[in-house]
Amino acid sequence: MTSARSSLEVHGTGSPVVFLHGYPLDRRLWQNQIEPLCDSYQVVLVDLPGFGKATPVQPSDMPSMAAFADDLATALDQQDVNEPFTLVGLSMGGYIAFEFWQRHAARLKALVLCHTKATADNSLAIQTRQQSADTALSQGTEAAVAAMLDKVVSEHSVMQDPNLREWLKSVMFDVPPETIATAQLAMAKRIDFTDRLESIEVPALVVAGTDDEIATTETMQRMARAMPNAKFEAIDDVAHLSPIEQPKRFNELLLSFLGSI
Ligand code: MLT
């Protein structure tokens, strides 16, 4: 078997809950979920290929969200996570979760989709991603991702935790430029899952933030309505990163959902 490029950090025992971070972050996005869950669940934090402690990548290594999903399946096999699990994906992690459902449905017990969308990119968004990949490779990560900093967390969250932006900066700027390019080009090619939502029958929790401009509350609510077994929740005063912006509320919703399935 080829070695997985994703890297996993595992805490606790019990029914597995696997966490996929967004772009351009890493498993540290989920640092506030470990302790509340690990007494009752096996918490599996993933560094997707090229991010955090995972194996470095070039765009040709991971050409699609499907490639990320298949790599995750291999990483979980290698970690002996064999029983059906709950997959939690935030934004890009959600795009990968849709592909995982498409390709490895039998392994899923439930889905938690945070700040993500089922739609593919339009031509402008594809062009922007291509530019961002080029910028990362020619000028470095900081030049490619700095503009995101203002969008991913709400003013309210920054007031609550004045160190939040600095912390995010350190995580984002840590991502190698080749990984930025790889993720952007793979996201640009992602397929549209809108017409397949009605076939996603596993229990699902869909979590939005009222201040999220990237995956809006309206888009996410529409997505949840199209899924036969989905529950929708919007967290007030949160932008794109509820697990780190309002961990207490996020954990309440997650634990309540996990307890109900
Ligand atoms: C993310 O948080 O993963 C990104 O906003 C996803 C995207 O660029 O579409």
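Every number for a ligand or one of its atoms is a count from 1 in the order of the listing.
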Pair up each side-chain donor or acceptor in residues 224-231 with any protein partner under 3.5 Å, not counting sequence neighbours, and list the distances.
from: Asn229; atom 1: ND2; to: Glu201; atom 2: O; distance (Å): 2.7
from: Lys231; atom 1: NZ; to: Glu233; atom 2: OE2; distance (Å): 3.0

Aromatic rings Trp30 and Phe19: how do their planes relate, parallel, tilted or perpendicular, breaks at 30° and 60°?
-> tilted

Are Arg107 and Asp77 close enough for a salt bridge, meaning some N to O gap below 4.0 Å?
-> yes

Backbone of Cys38 reached by a side-chain donor or acceptor of Gln33 within 3.5 Å | no

Check whether any side-chain N or O of Glu245 sits under 3.5 Å from a backbone N or O of Leu241 as a donor-acceptor pair, and report yes or no.
-> yes

side-chain hydrogen bond (donor to acceptor under 3.5 Å, both in side chains) test vs Asp47 passes for just one of Arg27, Lys53, Arg5, Arg28, namely Arg27

Residues with a heavy atom under 4.0 Å from ligand 1, by chain and number, are Gly22, Tyr23, Ser91, Met92, Tyr95, Arg129, Met148, Met187, Ile214, His240

